[in-house]
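Written out below as structure tokens is the structure these notes cover.
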Amino acid sequence: MCFAIPSKIIELDNEQDIATIDTMGKIRHVSVHTILEPLALGDYILINNGFALNKMEKEAALSSLELYQEIVTKMEQGEI
């Protein structure tokens, strides 16, 4: 099973179709050539295997990130 965690675009190279993203504090580069709609700094996207799947609404992304953080905290505390 794969989890697609919302990731925030922090840098964007439109010439190379590459975005630098922040996924819960982890920074990496992904291809955004599969996204047809315009992207901008601060947008949230879902990624899989280094490729952007789709753009998300900010409110939905932040809500998902909050839930993921709760899961991480419970795992670190040995609750799950």
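- When all heavy atoms are compared, the tightest approach of Pro38 to Asp43 is O-OD2, 4.1 Å.
- With contacts defined as side-chain heavy-atom distances shorter than 4.5 Å, the pair Arg28/Thr20 does not qualify.
- Residues Asn48 and Leu53 come closest through the heavy atom pair CB-CD1, 3.8 Å.
- The structure places CG of Asn54 at 11.5 Å from CD1 of Ile47, a figure rounded to the nearest 0.5 Å.
- Between Glu57 and Tyr44, the closest side-chain pair of non-hydrogen atoms is not below 4.5 Å.
- For the pair Ile9/Glu11, no side-chain contact is recorded, criterion being any heavy-atom separation below 4.5 Å from C-beta on.
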Note to self: Run Asp22 and Lys8 through salt bridge (charged side-chain N to carboxylate O under 4.0 Å, His left out) and show every step you take.
What the structure shows: CA-CA 5 Å; Asp22 180 339; Lys8 185 177 184 177; over 6 Å; no
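- Between Thr23 and Pro6, the shortest heavy-atom distance links the atoms CG2-O, 4.3 Å.
- Both Ile5 and Leu46 are part of a single hydrophobic cluster, where members link through side-chain heavy atoms under 4.5 Å apart.
- Separating the NZ atom in Lys58 from the CG atom in Leu65 is a distance of 11.5 Å, to the nearest 0.5 Å.
- Scanning both residues, Leu41 and Leu12, for their nearest heavy atoms gives CD2-N, 3.9 Å.
- Nearest heavy atoms, Lys55 versus Leu39: CD-CD2, 3.8 Å.
- In this structure, Leu36 places its CG atom where only 12 or fewer heavy-atom neighbours from other residues, nucleotides or ligands lie under 6.0 Å away.
- Listed for the Thr34 side chain is a donor-acceptor partner under 3.5 Å among the backbone atoms of Ala52.
- The distance from atom CD of Gln69 to atom OG of Ser64, rounded to the nearest 0.5 Å, is 13.0 Å.
- Atoms OG and CG, from Ser31 and Asn49 in turn, are 12.0 Å apart once rounded to the nearest 0.5 Å.
- Residue Ile10 holds its CD1 atom at 8.5 Å from CD1 of Ile21, rounded to the nearest 0.5 Å.
- With a 4.5 Å cut-off on side-chain heavy atoms, Leu62 and Glu66 do not count as touching.
- Atom-to-atom distance recorded for Glu79:CD and Met75:CE is 12.0 Å, nearest 0.5 angstrom.
- Residues Val30 and Ile45 have side chains in contact (heavy-atom distance under 4.5 Å, counting atoms from C-beta outward).
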